Amino acid sequence: IMLSLLIGVSAKIKILLPFTPVPVTFQTFTVLFLSILLGAKRSLYVMLAYIFEGIVGFPVFSKGAGVAYLLGPTGGYILGFLVAGYLVGFLADNGFDKNFVTTLFAMIVGNLIIYFFGVIWLSRYVGGISNAIMLGVIPFVIGDVIKILFSGIVLPLGWQFVKKYKSL
């Protein structure tokens, strides 16, 4: 539950762009980083808890809460967190977390999944796939690359935390 709330906190670290309903947040970093650390099963539980918290009204989403929020323009990205979290965790369970290059690969795949679900859903609100890519992917690519690189760099700190936590 604490880790799902961490995703909610990272949603509040945001920059609103005037030309798109999709904010720049720290969620993708948090989702991908936790998924590499937790593996598929635990990542799935964390993402489900995060979505449940938002559905029942906790303000864990970047600009609100509730079912109506999930049905809004950015709901696809949240569903993408669930799928990407599981897949990145699965890749980590199968050794992709063992070195910098494969970790970055797993996170890039996860980020692409988030984009995929986000764009498909957003396209319903902005007049098609092309507009959704222009509004929901292009403005975020550079920032997401930086977040993925940062994630790969700080992953050893995450492993230290996990080792410490497992020894308690």
Side-chain angles (χ1 to χ4, degrees), residues 1-14 22-23 25-62 64-67 69-72 74-122 136-137 140 143-168:
I1 290 177
M2 292 302 293
L3 296 176
S4 65
L5 293 174
L6 182 62
I7 297 170
V9 169
S10 70
K12 302 305 180 187
I13 303 170
K14 65 185 173 199
V22 182
T25 71
F26 211 61
Q27 284 173 291
T28 51
F29 167 85
T30 307
V31 166
L32 298 172
F33 185 77
L34 289 177
S35 298
I36 281 285
L37 287 177
L38 298 174
K41 189 175 180 181
R42 290 183 287 170
S43 177
L44 182 65
Y45 295 151
V46 169
M47 300 310 151
L48 286 170
Y50 168 69
I51 292 169
F52 178 76
E53 291 158 3
I55 287 172
V56 299
F58 293 128
V60 294
F61 302 143
S62 67
V67 173
Y69 186 89
L70 284 179
L71 297 176
T74 60
Y77 293 96
I78 296 168
L79 177 60
F81 294 161
L82 179 68
V83 177
Y86 181 81
L87 181 63
V88 170
F90 175 81
L91 291 172
D93 289 341
N94 288 283
F96 278 71
D97 60 342
K98 300 300 180 212
N99 71 60
F100 187 73
V101 173
T102 57
T103 296
L104 293 183
F105 174 79
M107 290 185 181
I108 289 168
V109 168
N111 210 86
L112 290 173
I113 289 169
I114 294 167
Y115 284 156
F116 175 79
F117 281 91
V119 164
I120 297 299
W121 192 260
L122 181 62
V137 174
F140 303 93
D144 286 339
V145 167
I146 292 168
K147 287 185 264 185
I148 288 169
L149 288 171
F150 179 66
S151 205
I153 291 167
V154 299
L155 186 61
L157 295 174
W159 285 125
Q160 288 176 0
F161 178 79
V162 167
K163 284 180 186 176
K164 210 180 249 190
Y165 176 75
K166 283 185 178 182
S167 68
L168 295 177

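Since the structure is predicted, the reported quantities are computational estimates derived from the model, not experimental observations.
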For this session: Would you give the length of the straight line joining atom CG of L3 to atom CG of L6, rounded to the nearest 0.5 angstrom?
Result: 6.5 Å

Exercise. At what distance, to the nearest 0.5 angstrom, does CD1 of I114 lie from CZ of F140?
Worked result: 12.5 Å

Problem set entry | All side-chain contact (heavy atoms from CB on, under 4.5 Å) counterparts of L112, not counting sequence neighbours | I108, Y115

Exercise. Under the side-chain contact (heavy atoms from CB on, under 4.5 Å) test, which residues partner F105, sequence neighbours left out?
Worked result: F96, V109

For this session: Could you please spell out the steps behind the side-chain contact (heavy atoms from CB on, under 4.5 Å) verdict for Y45 and L38?
Result: CA-CA 10 Å; Y45 295 151; L38 298 174; over 6 Å; no

Exercise. Minimum heavy-atom separation for I36 to A106, with atom names?
Worked result: CD1-CB, 4.1 Å

Tell me which donor-acceptor pairs under 3.5 Å the side chains of residues 47-61 have, and how far apart each pair is, sequence neighbours excluded?
unit_1: Y50; atom_1: OH; unit_2: Q27; atom_2: NE2; d: 2.6
unit_1: Y50; atom_1: OH; unit_2: V60; atom_2: O; d: 3.3
unit_1: E53; atom_1: OE1; unit_2: S4; atom_2: OG; d: 3.3
unit_1: E53; atom_1: OE2; unit_2: S4; atom_2: OG; d: 2.6

For this session: Mind checking side-chain hydrogen bond (donor to acceptor under 3.5 Å, both in side chains) for S62 and listing every partner two or more places apart, or none if nothing turns up?
Result: Y69

For this session: State, to 0.1 Å, how close N99 and T102 come at their nearest heavy-atom pair, and which atoms those are.
Result: OD1-N, 2.9 Å

Using residues 81-94 as the side-chain source, report each donor-acceptor pair under 3.5 Å to any protein atom, sequence neighbours left out, with the distance given to one decimal.
unit_1: D93; atom_1: OD2; unit_2: A40; atom_2: N; d: 3.0
unit_1: N94; atom_1: ND2; unit_2: F90; atom_2: O; d: 2.8

Exercise. Run the side-chain contact (heavy atoms from CB on, under 4.5 Å) check on N111 and L32 step by step: do they pass?
Worked result: CA-CA 8 Å; N111 210 86; L32 298 172; 3.7 Å; yes

Problem set entry | salt bridge (charged side-chain N to carboxylate O under 4.0 Å, His left out) partners of D97, counting only residues at least two apart | none

For this session: Verify, without hydrogens or angle tests, whether T74 (side chain) and L70 (backbone) share a donor-acceptor contact under 3.5 angstrom.
Result: no

Exercise. Of all residues at least two apart in sequence or in a different chain, which pass the side-chain contact (heavy atoms from CB on, under 4.5 Å) check with F116?
Worked result: I120

Enumerate, atom names and distances included, each donor-acceptor pair closer than 3.5 Å involving a side-chain atom of residues 147-155, sequence neighbours excluded.
unit_1: K147; atom_1: NZ; unit_2: T25; atom_2: O; d: 2.7
unit_1: K147; atom_1: NZ; unit_2: T28; atom_2: OG1; d: 3.0
unit_1: K147; atom_1: NZ; unit_2: D144; atom_2: OD1; d: 3.1

Exercise. Under 4.5 Å between any side-chain heavy atoms of R42 and V46, yes or no?
Worked result: no

Exercise. Would you say K41 has more than 12 foreign heavy atoms packed within less than 6.0 Å of its NZ?
Worked result: no

